[in-house]
Amino acid sequence: MPPVRALFLDIGGVMLENGWGHEKRKRAADHFGFDIDELNERHHLTFDTYEEGKLTLDTYLDRVIFYEERSFPREDLKEFMFRTTPYPETIGLFRELKKKYGLKVAAVSNEGRELTDRRVRDHGLAEFIDFFIVSCFVHFRKPDEDIYRIALDAAQVPPENVVYIDDRGLYVEVARTLGINGIHHVDHASTARALSRFGLSL
């Protein structure tokens, strides 16, 4: 097996809770008292454009929430969106593997700019991630193969020397078609075991 020289890591669902996934949207609807079905219908029509970096967060919110008068301030909802639960055990695993093996580490993620900036800053992700191939920066979303090609070009590492970790199996499958090794993340323990099979253990 070729030696692993780089890790490509998803952010939401692997290192942090999903930024604005269906569970977070449901909690927001319950907390602020708006209709979740109406939110989801509008969300699915426009969120991809936000994640591709073609809308600001405020424009997205104008389209899905604040197209009518609300009883709560916009800033309160944004702060709710920005609050994120980290997965410290998994983050710690990646930090220590980078240190032990001298790995290059890239985030390969679908997310909007404001959410990315805040989550990276709040949880110190730039302290161990070398570069961020995020949909809002590169204007491609997973599972578009081009986002993986950009990550490979930025890392300057052949695909057989990369392990990619994502909580969505389809995205792992697409990366494998490009020759990138993949791990479908379910939890910290199973990912740690899978990494050990690639020769990466603490």
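Computed over heavy atoms, backbone and side chain alike; hydrogens, waters and symmetry mates excluded. Quantities reported herein were computed from a predicted structural model and do not represent experimental measurements.
The stretch residues 191-202 participates, sequence neighbours left out, in these side chain to side chain donor-acceptor pair (under 3.5 Å) pairs: His185-Thr191.
Across all their heavy atoms, Val174 and Thr177 have their closest contact at O-OG1, 2.5 Å. Summarising the geometry of Pro2 relative to Asn161, their closest heavy-atom pair is CB-ND2, 3.6 Å, with the distance given to 0.1 Å. Nearest heavy-atom pair across Thr116 and Phe137 is CG2-CZ, 3.9 Å. Summarising the geometry of Gly53 relative to His139, their closest heavy-atom pair is O-CE1, 4.0 Å, with the distance given to 0.1 Å. Minimum heavy-atom separation, Gly13 to Asn18: N-OD1, 3.5 Å. Residues Arg25 and Asn40 approach most closely at NE-OD1, 2.8 Å, considering heavy atoms.
Heavy-atom contacts from other residues, nucleotides or ligands closer than 6.0 Å to NE2 of His22 number 12 or fewer. Annotation: Lys99, atom NZ; neighbour count of heavy atoms from other residues, nucleotides and ligands within 6.0 Å does not exceed 12. Other residues, nucleotides and ligands contribute only 12 or fewer heavy atoms inside 6.0 Å of the CD atom of Glu89.
Interatomic distance, NZ of Lys24 versus CZ of Arg83, reported as 7.5 Å (0.5 Å rounding). Rounded to the nearest 0.5 angstrom, Cys136 SG and Glu52 CD are separated by 11.0 Å. Note that OG1 of Thr90 is 9.5 Å distant from CE of Met15, once rounded to the nearest 0.5 Å.
Within the 4.5 Å cutoff, no side-chain heavy atoms of Asp122 are placed close to those of Arg119. Under the 4.5 Å side-chain criterion, counting only non-hydrogen atoms from C-beta, Phe128 is in contact with Ile91. Counting heavy atoms from C-beta on, the side chains of Glu51 and Lys142 never come closer than 4.5 Å. You'll find the side chain of His123 stays beyond 4.5 Å of the side chain of Ile11, heavy atoms only. Using a 4.5 Å cut-off on side-chain heavy atoms (C-beta onward), Phe94 and Leu9 make contact.
Ion pairing of Glu68 with Arg42 is absent here, as no side-chain N (NZ or NE/NH1/NH2) approaches a carboxylate O to less than 4.0 Å. The existence of a salt bridge linking Glu173 and Arg176 is excluded, since no basic side-chain nitrogen approaches an acidic carboxylate oxygen closer than 4.0 Å. Between Arg149 and Asp153 there is no salt bridge, since no side-chain N of the basic residue sits under 4.0 Å from a carboxylate O of the acidic one. Ion pairing between Arg74 and Asp62 holds under the 4.0 Å rule for side-chain N and carboxylate O. Of the charged side-chain nitrogens involved, at least one lies within less than 4.0 Å of a carboxylate oxygen, so that Lys78 and Glu75 count as a salt-bridged pair.
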Salt bridge (charged side-chain N to carboxylate O under 4.0 Å, His left out) between Arg118 and Glu79, intermediate numbers included: CA-CA 10 Å; Arg118 179 68 177 267; Glu79 280 304 311; 3.1 Å; yes
message: Please evaluate residues Val120 and Ile129 with respect to the criterion side-chain contact (heavy atoms from CB on, under 4.5 Å), reporting the C-alpha separation (whole Å), side-chain torsions for both, the decisive distance (0.1 Å), and the verdict.
response: CA-CA 10 Å; Val120 168; Ile129 295 175; over 6 Å; no
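Side-chain atoms of Asp130 never come within 3.5 Å of backbone atoms of Ala106 as a donor-acceptor pair (strictly under, hydrogens ignored). No donor-acceptor pair closer than 3.5 Å links the side chain of Ser109 to the backbone N or O of Asp10. Side chain of Asn181 to backbone of Val162: a donor-acceptor contact under 3.5 angstrom is found. The backbone N or O of Ile147 lies less than 3.5 Å from no partner atom in the side chain of Asp144, so there is not a single donor-acceptor pair. Side-chain atoms of His184 do not come within 3.5 Å of backbone N or O of Asp166 as any donor-acceptor pair.
Put simply, the residue from Val172, Leu195, Asp167, Leu7 that forms a side-chain contact (heavy atoms from CB on, under 4.5 Å) with Ile183 is Leu195. If you run ring-ring contact (aromatic ring centres under 6.0 Å, His included) between Tyr164 and each of Phe198, Tyr148, Phe8, Tyr171, only Tyr148 comes through.
Under the 3.5 Å distance criterion, with hydrogens and angles disregarded, no donor-acceptor pair is assigned to the side chains of Thr46 and Thr49.
Hydrophobic cluster membership for Val64: Trp20, Phe32, Phe34, Ile36, Leu39, Phe47, Tyr50, Leu55, Leu57, Tyr60, Leu61, Ile65, Phe66, Phe72, Leu77, Phe80, Met81, Phe82, Leu115 (Ile, Leu, Val, Met, Phe, Trp, Tyr linked by side-chain heavy atoms under 4.5 Å, directly or transitively).
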